[in-house]
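A short write-up of the structure that comes next.
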Amino acid sequence: HVQLVESGGGSVQAGGSLTLSCTVSGYTLFSTYCMGWFRQAAGKEREGVAGLDSDSSPTYADSVRGRFTISKDNDKKTLYLQMNNLQPEDTGVYYCAIDGRYMKDIQPQDVPRFAYRGQGTQVTVSS
């Protein structure tokens, strides 16, 4: 039974930073799986934010490149999203997602279609 639990969301002012964490259980080959983050703002469609392919190569949406950094700790089976210089348009519910298929060169828009996702954590950025 795969479980993903996000944490680290909150409310910050524009220009602030947050780090999201996602702890995965139930997947024994965490190090080789694709994983990533997507978000959904109220009334909008899901938007892929960042991802890691099966070789751990990162990909970022244009809207966050240079501000967000995705990383993982294989020993802790935890995925992270470091978010700097947050802006009001970054507000939304952030979800982590993981997929057991071997995939290279993924794009951010692939992340919302991954097999498993967490319950989400709210990020609110005020101006």
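Residue Y94 is grouped with residue Y116 when hydrophobic side chains (ILVMFWY) are merged at heavy-atom distances under 4.5 angstrom, including chains of intermediate members. Side-chain heavy atoms closer than 4.5 Å link hydrophobic residues (I, L, V, M, F, W, Y) into clusters, and following such links, even through other members, never connects F38 to F68. Taking hydrophobic clusters as Ile, Leu, Val, Met, Phe, Trp and Tyr residues chained together by side-chain heavy-atom distances below 4.5 Å, V111 does not share a cluster with V49.
Judged by distance alone, with hydrogens and angles left aside, the side-chain atoms of Q107 form no donor-acceptor pair with the main-chain N or O of T59 at under 3.5 Å. Between the S54 side chain and the M103 main chain, a donor and an acceptor come within less than 3.5 Å of each other. Proximity of a side-chain donor or acceptor of Q109 to a complementary backbone N or O of G48 within less than 3.5 Å is not detected. No donor-acceptor pair closer than 3.5 Å links the side chain of T124 to the backbone N or O of S11. Checking side-chain atoms of W37 against main-chain N and O of Y80 turns up a donor-acceptor pair under 3.5 Å.
To the nearest 0.5 angstrom, D110 atom CG is 8.5 Å from C34 atom SG. With rounding to the nearest 0.5 angstrom, the CD atom of Q40 is 14.0 Å from the OG1 atom of T91. A distance of 9.5 Å separates CD in Q119 from CD in Q3, rounded to the nearest 0.5 Å.
Between the side chains of E47 and S63, at least one donor-acceptor pair of N or O atoms lies under 3.5 Å. In summary, the side chains of K72 and S56 do present a donor paired with an acceptor at a separation below 3.5 Å, with no hydrogens or angles considered. T19 and Q82 share a donor-acceptor pair across their side chains, judged by distance under 3.5 Å alone. N84 and S17 form a side-chain donor-acceptor contact under 3.5 Å, judged by distance and modelled atom types alone. Between the side chains of D55 and Y102, at least one donor-acceptor pair of N or O atoms lies under 3.5 Å. Remark: the Y95 side chain and the R117 side chain contain no N/O donor-acceptor pair separated by less than 3.5 Å.
The two residues A14 and Q87 make their nearest non-hydrogen contact at CB-OE1, 4.3 Å.
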Apply side-chain contact (heavy atoms from CB on, under 4.5 Å) to the pair L18 and L86, showing each step before the final yes or no. CA-CA 8 Å; L18 286 172; L86 283 160; 4.1 Å; yes
Residue pair M35, F30: steps toward the side-chain contact (heavy atoms from CB on, under 4.5 Å) verdict: CA-CA 9 Å; M35 54 195 71; F30 178 87; 3.6 Å; yes
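With a 4.5 Å cut-off on side-chain heavy atoms, L81 and T69 do not count as touching. Side-chain contact check for M83 versus V123: some heavy-atom pair is nearer than 4.5 Å.
With respect to the salt-bridge test (charged N to carboxylate O, under 4.0 angstrom), the residues R67 and D90 qualify.
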